[in-house]
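Following: one structure in C-alpha cells, then a few remarks.
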There are 2 protein chains.
Amino acid sequence: MGVMERVTTRPKKAAISVAPVAADRLIRGDCIAEMAKLPDACIDMIFADPPYNLQLGGDLFRPEGGRVDAVDNDWDKFDTLAAYDRFTALWLAQARRILKPDGTIWVIGSYHNIFRVGATLQDQGFWILNDIIWRKANPMPNFKGTRFTNAHETLIWASQGEDARYTFNYKAMKTLNDELQMRSDWVLPICGGQERLKRNGTKAHPTQKPEALLYRVLLACTKPGDIVLDPFFGTGTTGAVAKRLGRQWIGIEREDSYSEVALQRIAEALPLDESALAIMQSARQAPKVAFGTLIETGYLTPGAVLSDAKRRWHAVVRADGSLSMGADSGSIHKLGAMVQGAPSCNGWTFWHHDTVDGLKPIDTLRQTYLLATQP
Amino acid sequence: MGVMERVTTRPKKAAISVAPVAADRLIRGDCIAEMAKLPDACIDMIFADPPYNLQLGGDLFRPEGGRVDAVDNDWDKFDTLAAYDRFTALWLAQARRILKPDGTIWVIGSYHNIFRVGATLQDQGFWILNDIIWRKANPMPNFKGTRFTNAHETLIWASQGEDARYTFNYKAMKTLNDELQMRSDWVLPICGGQERLKRNGTKAHPTQKPEALLYRVLLACTKPGDIVLDPFFGTGTTGAVAKRLGRQWIGIEREDSYSEVALQRIAEALPLDESALAIMQSARQAPKVAFGTLIETGYLTPGAVLSDAKRRWHAVVRADGSLSMGADSGSIHKLGAMVQGAPSCNGWTFWHHDTVDGLKPIDTLRQTYLLATQP
DNA sequence: AGCTGATCTGAATCGCTGC
DNA sequence: CGCAGCGATTCAGATCAGC
C-alpha cells in the first residue's frame with residue numbers, strides 16, 4: 001500500500017539515529033517537560049493548538065526573574081507578550097528536536113498569538129511552506145458591531161528547513177477538491193452539534209477543533225503508519241482522526257478533565273479499513289518505464305516517426321531509444337526541449353504517434369504497457 | 001522575538017497639538033527619512049504595503065514552458081531576517097509617531113513577512129483589531145504541485161492602543177455585504193486587465209494592488225476629509241481611491257518610475273464606475289462544495305458504497321474523496337464518465353447512496369450540507 | 001457584431017535521483 | 001558536494017486572432 005508521494009529514505013538522513021517511540025498513547029503532564037523526555041527525531045508530524053489567551057495564562061506564561069513594578073496596562077501587556085514568547089520558544093524548540101528531519105509541524109492560532117508563533121518558527125529555522133486560512137462557514141457574529149466578524153483562524157505549515165523533503169499528498173488533495181488544486185483557504189464549519197463533546201451538559205473544551213480540519217491536515221501531510229504528536233491534546237481531536245486514518249498518535253495534556261474525555265472519545269473512534277484509506281497517487285509514484293523498454297517489447301518499432309501534437313516537428317525512433325531529427329538526436333525529453341527552445345520537456349506528453357484513432361501521446365503506450373505488465 | 005522594547009504610553013489626547021500637514025501630494029524619498037520630517041499625530045490612517053522579503057530561488061517555469069515573471073526587484077531583497085526586522089521596526093516607529101491617537105494602521109503581507117510585521121506591531125504597542133484575509137479569486141497556481149496554492153494575502157488592522165476610539169463604519173460595511181456583517185475574509189480578484197497599469201507595454205509595478213481592496217479599507221475605517229498616508233506608494237492605488245472617496249492622501253515613494261505613473265493615474269482618477277462597484281459587492285461568492293468536503297465533515301464515510309440510479313455500477317468511497325471500482329479509481333465525475341463510456345459526467349446526479357427513503361443522488365447530501373452551514 | 005479557441009499572465013520562498 | 005538527466009506540473013480571467 002504505497003501511498004507516499006515522496007520517499008523519505010535518504011541514506012544521509014538515515015545516519016541520524018531514529019529512536020522508536022511508543023505511540024497511540026496519552027501523556028499526562030506539561031508539554032515542554034514531557035516532550036523533553038522523548039528521543040530526537042522520532043515524530044513524523046506535530047499538530048499544535050497552543051493556548052493564546054494572554055490574560056488567563058498567568059501560570060503558564062509567568063516570566064522568570066523579578067517582576068517590574070507595573071503601574072499601567074501597557075507594562076503588563078509587554079510582560080505578558082515577552083512571557084508568551086518565551087513559552088512559545090521553549091515548546092517549539094522541543095518540537096523541533098523530536099521532529100524527524102523530513103517531518104513537518106502545523107500550528108493553529110488567531111491574530112492574538114499567530115504572529116508571535118510564526119515569527120518564532122522562522123527564528124528557530126523552521127521553513128514556512130504555507131499559511132492556511134480556516135474560513136469558518138458559520139462563525140460567531142461580532143455582537144458589538146465594532147470590528148469585522150472574526151470569521152477565520154490561521155494555520156502555519158512548516159518544515160525543518162528549506163531543503164527538507166516533506167510529505168505532501170498532492171493528488172489526494174486535488175481529488176478531494178473536485179480536481180482542482182487545493183488552495184490555502186479552507187472553508188469548513190466550526191465544531192458543533194453531535195461532534196461537540198459535552199461534559200455534565202456543558203462543552204468539554206472551549207476551543208474544540210472540528211475533525212474535518214484535522215482530517216485534511218493528516219491526509220495531506222502524513223502517510224499511513226506515521227506518528228503524529230499533539231502537544232496540546234485537549235479533547236483529542238488529533239488522536240481520534242489519526243486513529244480513523246490509520247496514523248499513530250501521541251497526545252500530551254495537562255488537564256485531567258480533558259484527558260478523560262479524549263481517551264473515551266478515541267476508544268470509540270472507528271478506524272477505516274485499508275481499502276478506504278487508499279488515496280489517489282501522483283504520477284510521480286507510478287513505476288518508471290524507460291522509453292527504450294517500449295521498443296524492446298515491440299510497442300514501438302525503430303524507424304517509427306513521432307511528432308508533436310501540431311505536427312510541427314518530426315523525429316525518428318532509433319533502436320537504442322533515442323530520437324533523431326536530421327543531425328540532432330537525444331532522449332525524448334532532450335529533443336523535445338531542444339526543438340521548443342525550452343529548458344525542459346516531458347517527452348512522454350510532447351511526442352505523439354499515429355494510431356487509427358489519430359495522433360496520441362506516447363504516454364498512452366506507457367499506460368498500455370503498465371496495464372499489461374502490472375500484477 | 002528577543003527582548004521586548006518598552007514603549008512609553010501615549011500622551012493624553014488633550015495634550016496633543018495636532019499640526020496641520022499639507023496633503024494630496026507625493027513625497028519622493030525613503031519612507032523612514034520622509035516620515036521623520038512629518039509632525040507628530042497628523043495622520044488619520046496609514047495603509048502600508050511594505051516589501052515582502054520573498055526570498056525566491058531560481059527561475060520557475062510553467063508546465064507549458066513559459067517562465068514566471070517573478071518579483072526580483074532590489075527593494076525586496078534583505079540580507080537576513082534580522083535586517084528585515086530592523087527595517088520593519090524603524091518604519092513602524094515613525095508610523096506610530098505620526099499617526100493620530102485614534103488613527104489606525106493597515107499593513108498587507110504574505111506568510112514571508114506578515115508574522116514579523118504583526119509581532120513588531122504588537123511589540124511597539126499597537127493593538128490589533130482584526131486580521132483580514134484577502135482571498136484571491138484568481139491566484140497563480142502552484143505549478144510544481146509541491147504545496148497548497150498560495151491563494152490569499154493577509155492584512156492587519158491595528159489601533160494605537162487598546163483604548164483608542166478608532167473609526168469603523170459598521171453600517172457601510174454591512175450594506176456593502178448585502179445586510180450581513182462584513183467578515184474578516186474578503187474575496188476579491190487580483191489586479192489585472194484594464195486596471196493593471198502598463199509602462200512601455202509591461203507592467204508598471206510588479207505588485208499593484210486592486211482598487212477594490214483599498215476601496216473597502218478606506219470606506220470601512222476613514223471619514224471623508226481624513227488624511228491617509230501610504231509610505232510605500234508604488235503606483236498610487238491608495239491615492240487614487242482616496243481621491244475618489246473624498247479622502248486626502250499623502251504618498252511616499254522612492255522610485256521615480258513608479259512615482260510618475262502614480263501622479264498621472266491620480267490626476268486622471270474619476271469616480272468609481274459601476275463595474276468596479278459590482279466587483280466590490282460580489283463578495284458573497286456562490287457556495288461551492290467539493291465532494292471531498294462531505295467526507296471530511298462526516299456526511300459520507302470512506303468505505304461507503306455508491307451506485308448509479310439503476311444499480312448497474314457500484315463504487316467505494318475512499319479517504320481522499322476518490323471512488324474506486326476494482327482497479328479503476330478517480331473523482332465522482334471521472335469514474336462516472338468512465339463506466340458510461342461518456343466524455344463527461346455530473347457525478348453529483350449520477351452517483352446515489354442508500355438512505356432510509358431509498359436510493360438518493362449524492363447531490364442531496366450537498367444540499368443538506370449547504371443548509372447546515374450557510375448563514 | 002458575435003462567437004470560438006489560442007495565448008498570456010499573476011507577490012512563487014515550486015523536484016528527484018544517481019553519478 | 002555539484003552536476004546532469006529524467007520527466008512531472010496549472011487556475012481564472014483578460015486579450016486577441018480568426019471566422
Side-chain angles (χ1 to χ4, degrees), chain A residues 5-12 122 127-131 158-159 161-163 165-166 168 170-171 174 177-184 282-286 288-292 310 321 330-334 336-337 342-351 362-363 366, chain B residues 49-73 75-77 81 108-114 134 136-154 189-196 198 202-203 205-210 234 279:
Chain A
E5 292 194 4
R6 286 167 194 269
V7 180
T8 54
T9 50
R10 278 178 296 156
K12 210 167 160 188
Q122 292 178 307
W127 189 251
I128 298 179
L129 298 167
N130 276 116
D131 59 335
S159 68
E162 187 172 356
D163 298 323
R165 302 193 188 180
Y166 53 90
F168 179 56
Y170 172 76
K171 193 73 193 305
K174 189 171 176 176
N177 195 38
D178 271 3
E179 300 296 333
L180 288 178
Q181 284 191 340
M182 187 68 82
R183 299 165 41 115
S184 58
S282 73
R284 220 170 251 148
Q285 284 310 112
K288 272 190 187 175
V289 178
F291 181 64
K310 293 180 180 170
S331 70
I332 55 172
H333 313 296
K334 203 173 167 184
S344 66
C345 166
N346 183 346
W348 290 108
T349 50
F350 178 75
W351 293 108
I362 55 176
D363 194 45
R366 181 167 61 161
Chain B
D49 181 9
Y52 287 7
N53 190 25
L54 287 183
Q55 304 175 257
L56 302 179
D59 279 342
L60 176 64
F61 291 92
R62 302 162 187 268
E64 90 279 4
R67 183 180 147 277
V68 173
D69 185 15
V71 177
D72 58 356
N73 307 69
W75 51 252
D76 196 48
K77 290 180 167 49
L81 270 184
I108 184 169
S110 64
Y111 67 84
H112 310 84
N113 72 321
I114 200 65
W134 168 26
K136 300 182 182 181
N138 47 350
M140 188 161 73
N142 181 292
F143 294 115
K144 302 292 191 191
T146 55
R147 304 181 180 189
F148 299 96
T149 304
N150 195 7
H152 73 275
E153 293 189 22
T154 301
I190 59 177
C191 181
Q194 296 291 343
E195 189 187 334
R196 190 84 191 203
K198 298 276 168 64
T202 57
K203 54 188 175 191
H205 192 285
T207 70
Q208 186 184 341
K209 296 292 175 288
I279 289 171

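Note on naming: letters A, B, ... go to the chains in the order of the sequence lines (proteins, then strands), and numbering restarts at 1 for each one.
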- Counting any heavy atom closer than 4.0 Å, what does B:Asp49 reach on the DNA or RNA strands: base, sugar-phosphate only, or nothing? base

- Query: Are side-chain N/O atoms of B:Ser110 and B:Glu153 paired as donor and acceptor at under 3.5 Å?
  - Reply: no

- Task: Ignoring the backbone of B:Thr146, work out which of C:dA12, C:dA11, C:dG15 is nearest its side chain.
- Result: C:dG15

- Partner of C:dC14 by Watson-Crick or G-U wobble geometry, both contacts under 3.5 Å, or none? none

- Message: Pairing check on D:dT10: which nucleotide meets the Watson-Crick or G-U wobble criteria with it, both distances under 3.5 Å?
- Response: none

- Checking all strands, does B:Pro210 fall into the base, sugar-phosphate, or nothing category for heavy-atom contacts under 4.0 angstrom? nothing

- Message: What contact category does A:Gly161 fall into here, base, sugar-phosphate, or nothing, at under 4.0 angstrom with non-hydrogen atoms?
- Response: nothing

- Task: Take nucleotides 9-19 of chain D nucleotide by nucleotide from the 5' end and write B, S or -, depending on whether a protein heavy atom sits under 4.0 Å from the base, only from the sugar-phosphate, or from neither.
- Result: BBBSSSS----

- Item | Close side-chain approach of B:Asp76 and B:Gln55, heavy atoms under 4.5 Å | no

- Using purine N1 to pyrimidine N3 plus N6-O4 or O6-N4 for Watson-Crick, or N1-O2 and O6-N3 for G-U wobble, both under 3.5 Å, which nucleotide pairs with D:dT15? C:dA6

- Would you classify B:Ser110 as touching base, sugar-phosphate or nothing, given that sugar-phosphate means primed atoms plus P, OP1 and OP2, and contacts are heavy atoms under 4.0 Å? nothing

- Message: Quick check: B:Trp75 with B:His205 (ring centres under 6.0 Å apart)?
- Response: yes

- Message: Taking atom types as they are modelled, would you say the side chain of B:Arg196 forms a donor-acceptor pair with the base of C:dT9 within the 3.5 Å cutoff?
- Response: no

- Item | Under-4.0 Å side-chain N/O to phosphate OP1/OP2 contact, A:His333 with D:dC6 | no

- Heavy atoms under 4.0 Å, any strand shown: does B:Arg67 hit a base, just sugar-phosphate, or nothing? nothing

- Query: If you find the nucleotide of DNA chain C closest to B:Lys203 and the one closest to A:Trp127, which residue's nucleotide is nearer the 5' end?
  - Reply: B:Lys203

- Please identify each residue that fulfils side-chain hydrogen bond (donor to acceptor under 3.5 Å, both in side chains) with B:Thr154, with sequence neighbours left out. none

- NA contact type, A:Lys310, heavy-atom cut-off 4.0 Å: base, sugar-phosphate, or nothing? sugar-phosphate

